[in-house]
Every structure is written in structure tokens, then in C-alpha cells.
Amino acid sequence: MSKECLLMRELNRIKLIEKYQSRRKELKKIIKSSTDPDVIAETQTKLAKLPLNSNPVRHTTRCQCCGRPHAVYRKFKLCRICLRQQLMTGNVPGGRKSSW
């Protein structure tokens, strides 16, 4: 189980991403459409001054049960280990243990 502070940090990242999403999109649009190097440089510095955690690339999906950052299924929002446990107990509809 991951620490609570890691889960809270991820929630704060999500809030920052939502807060600065429109501003970041506007700045990137200006950078792509402009041909003047001075305007591009000025806009890039504005973009660099935004918080690092407002970048959507820094967001990682975490398991809702244990907080594990790897092997998380987006559909269920569970890691492979927790998903298997839930499937074995029958808590996930439409899923069952495979056998061949």
C-alpha cells in the first residue's frame, strides 16, 4: 500500500492540471501559430513559469485500492493485483478467472 501523501500529491496534480489547462493551451497555440522569434521566446518563458505539476504528462494513474502506480487498468482503475483479487471474490461484473 502506498503512502497517503503520494495519493494526496496525485490529487493535487489533477487539480493543478484542471486549473491551468486553458492557459497552457492558449500559450501553446500562440507558440505554434506565431512566426516572430521574440513572441515565441516570450511565450515560452510564460509557459515555463507555470507550475511543473500543471503539465498533464506528470499525472500518473494509480490504483484506487492500494495506490500502486504500475499496471493499472484504466477501465477498472485497479492494478493487476487488486483486479485479480476483486475478480476472485466476484466484485467486478463480467469478469472471471481464465482457464485453458
Side-chain angles (χ1 to χ4, degrees):
M1 176 100 180
S2 67
K3 294 180 181 178
E4 284 292 319
C5 63
L6 294 176
L7 298 175
M8 296 306 295
R9 186 185 310 162
E10 199 61 41
L11 289 175
N12 288 336
R13 279 187 186 143
I14 292 171
K15 289 177 187 175
L16 278 174
I17 289 169
E18 291 171 356
K19 182 178 178 181
Y20 289 100
Q21 183 177 16
S22 60
R23 179 73 178 139
R24 186 173 284 277
K25 192 178 278 189
E26 290 171 7
L27 292 173
K28 286 191 171 201
K29 193 174 186 180
I30 292 170
I31 291 171
K32 287 184 180 181
S33 65
S34 180
T35 56
D36 185 23
D38 295 332
V39 173
I40 292 173
E42 182 183 332
T43 311
Q44 284 176 338
T45 56
K46 287 180 184 176
L47 187 63
K49 287 181 181 178
L50 292 177
L52 286 178
N53 285 334
S54 68
N55 191 347
V57 173
R58 293 178 67 96
H59 171 66
T60 58
T61 54
R62 288 193 174 265
C63 176
Q64 294 293 317
C65 288
C66 63
R68 189 172 192 269
H70 298 291
V72 177
Y73 289 84
R74 290 183 197 161
K75 184 177 181 180
F76 304 108
K77 297 182 182 176
L78 296 171
C79 69
R80 62 181 178 84
I81 299 163
C82 294
L83 180 63
R84 185 171 187 276
Q85 289 172 350
Q86 296 294 324
L87 285 171
M88 296 297 260
T89 57
N91 293 338
V92 178
R96 66 177 121 145
K97 184 179 175 186
S98 63
S99 61
W100 58 90

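Predicted model only: the values in this text are computed from it and were never measured.
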Trainee: Could you walk me through whether Leu83 and Val92 pass the side-chain contact (heavy atoms from CB on, under 4.5 Å) check?
Mentor: CA-CA 8 Å; Leu83 180 63; Val92 178; 4.2 Å; yes

Trainee: Could I get the full list of salt bridge (Lys or Arg N to Asp or Glu O under 4.0 Å) partners for Lys77, not counting sequence neighbours?
Mentor: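 Salt bridge (Lys or Arg N to Asp or Glu O under 4.0 Å) list for Lys77, sorted by chain: empty.
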
Trainee: Which heavy atom of Arg80 sits nearest a heavy atom of Arg68, and at what distance?
Mentor: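 So the two residues come closest at NH2-NH2, 3.8 Å.
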
Trainee: I need the Thr61 OG1 to Leu78 CG distance, nearest 0.5 Å.
Mentor: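 Taking OG1 in Thr61 and CG in Leu78, the distance rounds to 11.0 Å.
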
Trainee: Find the distance between CD (Gln64) and CG (Leu7) and round it off to the nearest 0.5 Å.
Mentor: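 Gln64 atom CD to Leu7 atom CG measures 9.0 Å (nearest 0.5 Å).
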
Trainee: Verify the cluster assignment for Leu27 and Leu16: are they in a single hydrophobic cluster under the rule of side-chain heavy atoms below 4.5 Å apart?
Mentor: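 Same hydrophobic cluster.
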
Trainee: Distance check, rounded to the nearest 0.5 Å: Asn53 atom CG versus Arg9 atom CZ?
Mentor: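 Result: 8.5 Å between the selected atoms.
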
Trainee: Is there a path from Ile40 to Leu47 through hydrophobic residues (I, L, V, M, F, W, Y) whose side chains come within less than 4.5 Å of each other?
Mentor: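 Hydrophobic grouping puts Ile40 with Leu47.
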
Trainee: How long is the straight-line distance from CG of Leu50 back to CD of Gln21, given to the nearest 0.5 Å?
Mentor: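 Going from the CD atom of Gln21 to the CG atom of Leu50 covers 12.5 Å.
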
Trainee: Scan for salt bridge (charged side-chain N to carboxylate O under 4.0 Å, His left out) pairs involving residues 25-45, sequence neighbours excluded, and state none if there are none.
Mentor: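 Every pair satisfying salt bridge (charged side-chain N to carboxylate O under 4.0 Å, His left out) with a residue in residues 25-45: Arg23-Glu26, Glu42-Lys46.
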
Trainee: Nearest 0.5 Å, what's the CG-NZ distance between Leu11 and Lys15?
Mentor: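 Spacing of CG (Leu11) from NZ (Lys15) equals 6.5 Å.
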
Trainee: Give, for atom CD1 of Ile17 and atom NZ of Lys19, the distance between the pair rounded to the nearest 0.5 Å.
Mentor: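 These two atoms lie 13.5 Å from each other.
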
Trainee: Search all heavy atoms of Cys79 against all heavy atoms of Tyr73 and return the closest pair with its distance.
Mentor: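 What the structure gives for the nearest pair is C-CD1, 4.5 Å.
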
Trainee: Kindly determine whether Val72 and Arg62 satisfy side-chain contact (heavy atoms from CB on, under 4.5 Å), including the steps that lead there.
Mentor: CA-CA 6 Å; Val72 177; Arg62 288 193 174 265; 5.6 Å; no

Trainee: Identify the heavy atoms of Ile31 and Thr43 that sit nearest to each other, and give their distance.
Mentor: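 For Ile31 versus Thr43, the nearest heavy atoms are CG1-CG2, 3.6 Å.
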
Trainee: Could you list the residues that satisfy salt bridge (Lys or Arg N to Asp or Glu O under 4.0 Å) with Arg24, not counting sequence neighbours?
Mentor: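 Counting only residues at least two positions away or on another chain, Arg24 forms no salt bridge (Lys or Arg N to Asp or Glu O under 4.0 Å).
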
Trainee: Are Leu87 and Phe76 linked, directly or through other ILVMFWY residues, by side chains that come within less than 4.5 angstrom of each other?
Mentor: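 Linked, Leu87 and Phe76 end up in one cluster.
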
Trainee: Taking Gln86's backbone N and O only, do any of them form a donor-acceptor pair with Thr89's side chain (distance below 3.5 Å, no angle check)?
Mentor: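 Present.
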
